[in-house]
Amino acid sequence: MASSASRYHRRRSSGTRDERYRSDVHTEAVQAALAKHKERKVAVPMPSKRRSLVVQTSMDAYTPPDTSSGSEEEGGQGEGTPTSSQGSIGMEHWISRAIHQGSTTSSSSSSTQSGGSGAAGRLADVLAQTHVGKSGNAPSTRLCVLVCINTCVSSLGVPVSSRVSAKIQQLVNTLKQPRRPPLREFFVDDFEELLEVQQPDPNQPRPEGSQMVAIRGEPLGVVTNWPPSLEAALQRWGTISPKAPCLTTMDTNGKPLYVLTYGKLWSRSIKVAYNILHKLGTKQEPMVRPGDRVALVFPNNDPAAFMVAFYGCLLAEVVPVPIEVPLTRKDAGSQQIGFLLGSCGVTVALTSDACHKGLPKGPTGEIPQFKGWPKLLWFVTESKHLSKPPRDWFPHIKDANNDTAYIEYKTCKDGSVLGVTVTRIALLTHCQALTQSCGYTEAEIIVNVLDFKKDVGLWHGILTSVMNMMHVISIPYSLMKVNPLSWIQKVCQYKGKVACVKSRDMHWALVAHRDQRDVNLNSLRMLVVADGSNPWSISSCDAFLNVFQSKGLRPEVICPCASSAEALTVAIRRWEDNQPPGRGVLSMQGLSYSVIRVDSEERLSVLTVQDVGTVMPGALMCVVKPEGVPQLCRTDEIGELCVCSIATGMSYYGLSGMTKNTFEVFPMTSSGAPISEYPFTRTGLLGFIGPGGLVFVSGKMDGLMVVSGRRHNADDIVATALAVEPMKFVYRGRIAVFSVTVLHDERIVVVAEQRPDSTEEDSFQWMSRVLQAIDSIHNVGVFCLALVPANTLPKTPLGGIHLSETKQLFLEGSLHPCNVLMCPHTCVTNLPKPRQKQPEIGPASVMVGNLVSGKRIAQASGRDLGQIEDNDQARKVCGTVLSSLTCLQLHKRAEKIAAMLMERGHLQDGDHVALVYPPGIDLVAAFYGCLYAGCVPITVRPPHPQNIATTLPTVKMIVEVSRSACVMTSQVISKLLKSKEASAAVDVRSWPLVLDTDDLPKKKPPQLYKPSNPDTLAYLDFSVSTTGMLAGVKMSHTATSAFCRSIKLQCELYPSREVAICLDPYCGLGFVLWCLCRTCVVVAEERPRIALTQSFSKLFKDLGLHPRAVSTSFGCRVNLAICLQGTSGPDPTTVYVDMRALRHDRVRLVERGSPHSLPLMESGKILPGVRIIIANPETKGPLGDSHLGEIWVHCTHNGSGYFTVYGDEALQSDHFNSHLSFGDTQTVWARTGYLGFLRRTELTDASGERHDALYVVGALDEAMELRGMRYHPIDIETSVIRTHKSIMECAVFPWTNLLVVVVELEGSEQEALDLVPLVTNAVLEEHYLIVGVVVVVDIGVIPINSRGEKQRMHLRDGFLADQLDPIYVAYNM
């Protein structure tokens, strides 16, 4: 006794196992499947989590595994066998490991589970020690665990220098393994990628039986004393037997609370009917008329008040709509219930006094309007609040007809709530059919544990019971939670003949049962199992019979039934049947193809089903194919059960289209002939009709997930997940399984609540094993497995999981999981084939092809600059400077600087001078001072005083690489360069001469320098590219002068113009506009950012900013300004291109808003003196109009070449000195390194010619080659940023064929894991790419340079060197 009691307490406290899904056979099958997985060598990297996200301390990670978990494999451990995935590590190993690692350092942030002995364990220890050695004893901010599941890690060849790279390497190795299923090769169309079409498996089982015949139930016998309507029955019993008990309610102690007699039910129902019709509204304008709908809002512990209100509505000929009590304004699914009430035109809600008091109230005591609900008048139906009807008033009792009797709500798979209308004749016929099937007689006692507001609980406990004058003992859910045995005790106490339960209630009774001596169930003639249609209910039925057969329970008493809101009771097992119950062991593989194949119980993947009895009296049943035309199935084929009967629902209220599809189905034979002139109703149940007319249900349409053409039932997946329980750490019955559509196929998602005391390693182990088990048993991959903290999933009113709400939270990124494991690599098998590059067609053929097809070669040029003699150009630079007073001041200051350079610096013509100034006049003056002195200036961004360690080395590098003879700067920066902080970052003794220009000499230089040759160097333009390359471009006096004139002409920069510049003045166009000429321009990143320019224009519109004033420019290293919008010419145009074609290096123009469209904005207007051609980057041949290629430029203000220490001639000549391989092979072009295309528009430019628009797509250096296609990071980043409001910024980069996505999170760290599925889904959907690693970081981690460009390579280096301190790193498997 004591031992069983303690066992009961332990099991109850651990979150009881959900017996609905339990099957010993299935559990053994799952354990066997997991054992098989030991033989496979799979290494999965565990996600990294910041320590603040991990609740437990590091010592908690050493809790020994629960040895009482019920797995048979947890005893001994084979010598040298890695069994970590079974959770069966010896106790000594745990203790010694905790002591060993704890003594080394408590902050070891790589607690590595080695799993057994041998090389894997040794290497795991080495990995752990390596990390400890690196970090010393400093407390680590992150917990990062690497779990090697059943594998010898040393075989991976993992470099131990970096944790991150080791994990990615491990992931890469895992992904190298062949993927199932093998897919047929599929060609890629010229213009777009086609998703792989799933080819049917040639060996898949196919139905072989003959076409089924519709099965008819027994005739519905007309008994002489059956009433003509349910109200007539109530009237009869209320007047003939007023003292007969109708309903007994219980309190939470199991004591009878109240007995409602038939007399009381009759009189009170009349009172309710009178008050509804005559006391709401005015005499002239009553609020409720016969035929109107009213809501019934009653709690689950008050069936008596509900019953009175329900029959009051029937007597008043008003249609009751029973719904759940709204507990808060944000109940799960409450909004959809509100939508149903609104569509039914409900304005009045009937409720009880206690319920009304418990509803949420506003500040003035009124009940607030719930979200999505119509405005309701709340009306309390307690007798004391109602007026007595006049003596001459009496309800009109008619025979049952086709008017609506009541509306039962039904929640669909997508969360929407529909109202199923049941007519008065259907209600009566259903009660008659149940009476006949169950053999109900007067005064029988029925114990009801079910929800009395709907479904089986309503039909048996409220309706059929009254027709037969039965006595219902109602057990509230709150009592079941306190005492799960209460219903059995009431059956014994009241000698109950019938009990209505769910398999859950049978399981709870089993768990709580402690060999009570006084239990005797021999009075029970029928135990109605309401969820018999769940195939997993069979195990509860078997186990219950096992225990209680010795207590008087007869085997034939257990009567599973199948029902649905649309078809009411579909089938029920008869209690007096002599034939034994049917059961079938079906192959899950067969079921996934909708084929019935009987299998042996020895096989791993089987489903055992029991019959749910025979067809209802007076009904006709058939099985049709679930999709498409309702064609009859074969006898060995699974389909949807359909019923033709008076006793079914009539329609979905107000939804004629959906009604037609569900309630007006005409099943057909294979020849296309209908089998009946009467319509059938779809039940929503999947199954078949077996021998002897027994009905078998294998699942529900709502739980059906069609993955790659195979059908899987959510309940089956739940059962498999629950059978994996070496460590009871997931709350039983708190698992949700649903599918989400990603990339044109359904993907399985499993969400479970984990117990608060489970460690990270426990979670990861369990998740890994669930994936393996589902893969083995069901032969299907899980796309995403998420664990959420205990008690956080949305609940239904009776405590189950609200599935559609859970799915909605998952899709919108509000689920807040604490662990996520995604497996897109194994699940997504319909990606387009990787692009195979075709052999290039020669440039000559391309050119001829363009000519033949009438396409012009893609080239364009700006206006002509006009001719000026060479010597004038050099003077022009200095000449324009002197044209006004302010320029005079600048000139004088520049002269003093030139004098200082000559005097104190002793510099020669052509010496290089680094100018290290903050943005301002000093920088401009110093630049011109250098030119006056004949020196070559190099502008350098000064080091940041707060961040010397990272910014000063760049300054030092530029000074050294540019071979500067002198550094000119301000006094403050001069001190900074030689400070103590600086000496920690660089060798401060090796600076060249440093001059500060705060105190300048008074005298002028003897003469101003004039270049003897216009092609000599004017200045060097140094910058670091986004890919991390530092290069200086040589700018000659000719180029500089041409540049200024070109911009002056384009932007009409007259001397009187005032221009504001908000740009970085150290390199590129920003420097040119600061120092050489002065306009609002948005300098583009890789391509014009349309959203940014539009929102900027919108923001400043009220301040008078003209949208036309905001435009974009385009420049690059070889030519600092190729396009600027200017003052004349047409507005920039935007085109929409197909993103899929772009990946194949093609341009296909599409309409705005079409799928996969990408807007591209014209990059300003080509500057005067600039010629552009689009060339193939590989063959160097010219391309046609609207073809994608590299932008080449020919222009006087091109740079002269790279200034590099080693002078890489090949690089220099290629970039600045290229020739076309065909056509005009003489012209010298500079290669921009950017992909783009030219398009001749219908617009005319200033010269009257048709305008040629240049569209920049992105830099070749930044583009990523993945799956043989070219991706531009900005496109993927744009998709990712759109997925969730908390993603502030995003950067992507490739690493060994894996795509790494880094997102900055604005919000709490708890939201970090929400982003992983969203990011993965978005990139899959929009770019057909699988994300390998998702990294969630704090705001500001993604490095952005002063030009607004993301430094993706710096980010990549930081990630691989483990310097980002990420909140979470997910490795998608």
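Computed from heavy atoms alone, side chains included, the values below leave out hydrogens, waters and symmetry copies.
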Pairwise distance [atom1]([X]) to [atom2]([Y]) - rounded to 0.5 angstrom:
{"X": "Leu1318", "Y": "Ser1279", "atom1": "CG", "atom2": "OG", "result": "13.0 Å"}
{"X": "Thr796", "Y": "Leu803", "atom1": "OG1", "atom2": "CG", "result": "10.5 Å"}
{"X": "Glu1325", "Y": "Thr741", "atom1": "CD", "atom2": "OG1", "result": "8.5 Å"}
{"X": "Lys49", "Y": "Ile1367", "atom1": "NZ", "atom2": "CD1", "result": "12.5 Å"}
{"X": "Tyr1328", "Y": "Arg1267", "atom1": "OH", "atom2": "CZ", "result": "11.5 Å"}
{"X": "Arg755", "Y": "Asp762", "atom1": "CZ", "atom2": "CG", "result": "10.5 Å"}

Flag the pair [X] / [Y] as yes when at least one side-chain heavy-atom distance between them is below 4.5 Å, and no otherwise.
{"X": "Leu1315", "Y": "Val1334", "value": "no"}
{"X": "Asp775", "Y": "Leu771", "value": "no"}
{"X": "Leu1299", "Y": "Val1323", "value": "yes"}
{"X": "Ser334", "Y": "Gln336", "value": "no"}
{"X": "Pro817", "Y": "Val751", "value": "no"}
{"X": "Cys642", "Y": "Val623", "value": "no"}
{"X": "Val1369", "Y": "Pro47", "value": "no"}
{"X": "Leu787", "Y": "Trp766", "value": "yes"}

Looking at [Y] and [X], is any side-chain nitrogen of the basic one under 4.0 Å from a carboxylate oxygen of the acidic one?
{"X": "Lys1285", "Y": "Glu812", "result": "no"}
{"X": "Arg711", "Y": "Glu627", "result": "yes"}
{"X": "Arg504", "Y": "Asp531", "result": "no"}
{"X": "Lys700", "Y": "Asp702", "result": "no"}
{"X": "Glu805", "Y": "Lys795", "result": "no"}
{"X": "Arg682", "Y": "Glu566", "result": "no"}

side-chain contact (heavy atoms from CB on, under 4.5 Å) partners of Asn1297, counting only residues at least two apart: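 Residues passing side-chain contact (heavy atoms from CB on, under 4.5 Å) with Asn1297: none at all.
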Side-chain donor-acceptor contact under 3.5 Å, [X] with [Y]:
{"X": "Ser605", "Y": "His778", "answer": "no"}
{"X": "Ser592", "Y": "His712", "answer": "no"}
{"X": "Gln754", "Y": "Ser763", "answer": "yes"}

Could you tell me which non-hydrogen atom of [X] sits nearest to which non-hydrogen atom of [Y], and how far apart they are?
{"X": "Arg597", "Y": "Asp636", "answer": "NH1-OD2, 3.4 Å"}
{"X": "Cys1290", "Y": "Val1301", "answer": "SG-CG1, 3.9 Å"}
{"X": "Pro205", "Y": "Gly590", "answer": "CG-CA, 4.0 Å"}
{"X": "Val788", "Y": "Cys818", "answer": "C-SG, 3.8 Å"}
{"X": "Met822", "Y": "Asn1321", "answer": "CE-OD1, 4.3 Å"}
{"X": "Val612", "Y": "Ser533", "answer": "CG1-N, 4.2 Å"}

side-chain contact (heavy atoms from CB on, under 4.5 Å) between Leu1324 and Val1331, worked out: CA-CA 8 Å; Leu1324 254 175; Val1331 176; over 6 Å; no
Cation-aromatic face contact Arg206/Tyr593, 6.0 Å, 45 degrees: no
Determine yes or no for a side-chain-to-main-chain donor-acceptor pair under 3.5 angstrom, with [X] supplying the side chain and [Y] the backbone.
{"X": "Asn1372", "Y": "Gly1332", "result": "no"}
{"X": "Thr1320", "Y": "Val1316", "result": "yes"}
{"X": "Ser814", "Y": "Phe810", "result": "no"}
{"X": "Thr683", "Y": "Leu641", "result": "yes"}
{"X": "Asp1314", "Y": "Leu815", "result": "yes"}
{"X": "Tyr1271", "Y": "His1327", "result": "yes"}
{"X": "Gln772", "Y": "Arg769", "result": "no"}
{"X": "Ser564", "Y": "Ala567", "result": "yes"}
{"X": "Asp745", "Y": "Val828", "result": "no"}
{"X": "Glu637", "Y": "Val595", "result": "no"}

More than 12 heavy atoms of other groups within 6.0 Å of Lys807 NZ: yes
Any residue meeting salt bridge (charged side-chain N to carboxylate O under 4.0 Å, His left out) with Glu746, in chain and number order, not counting sequence neighbours: none
Derivation of the side-chain contact (heavy atoms from CB on, under 4.5 Å) call for Lys625 and Cys633: CA-CA 6 Å; Lys625 295 188 188 296; Cys633 288; 4.1 Å; yes
side-chain contact (heavy atoms from CB on, under 4.5 Å) between Leu831 and Ile1330, intermediate numbers included: CA-CA 9 Å; Leu831 283 175; Ile1330 292 177; 3.8 Å; yes
Sole residue of Val742, Val707, Ile748 in side chain to side chain contact (heavy atoms under 4.5 Å, CB included) with Phe783: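 Looking at Val742, Val707, Ile748, the match for Phe783 under the side chain to side chain contact (heavy atoms under 4.5 Å, CB included) is Val742.
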Phe696 and Phe688 aromatic ring geometry - parallel, tilted or perpendicular at 30°/60° bounds: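 The arrangement is parallel - the two ring planes meet at less than 30°.
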Chi angles and distances behind the side-chain contact (heavy atoms from CB on, under 4.5 Å) call for Met46, Glu760: CA-CA 9 Å; Met46 184 169 163; Glu760 291 294 298; 3.6 Å; yes
Centroid separation His825 to Tyr1371 less than 6.0 Å: no
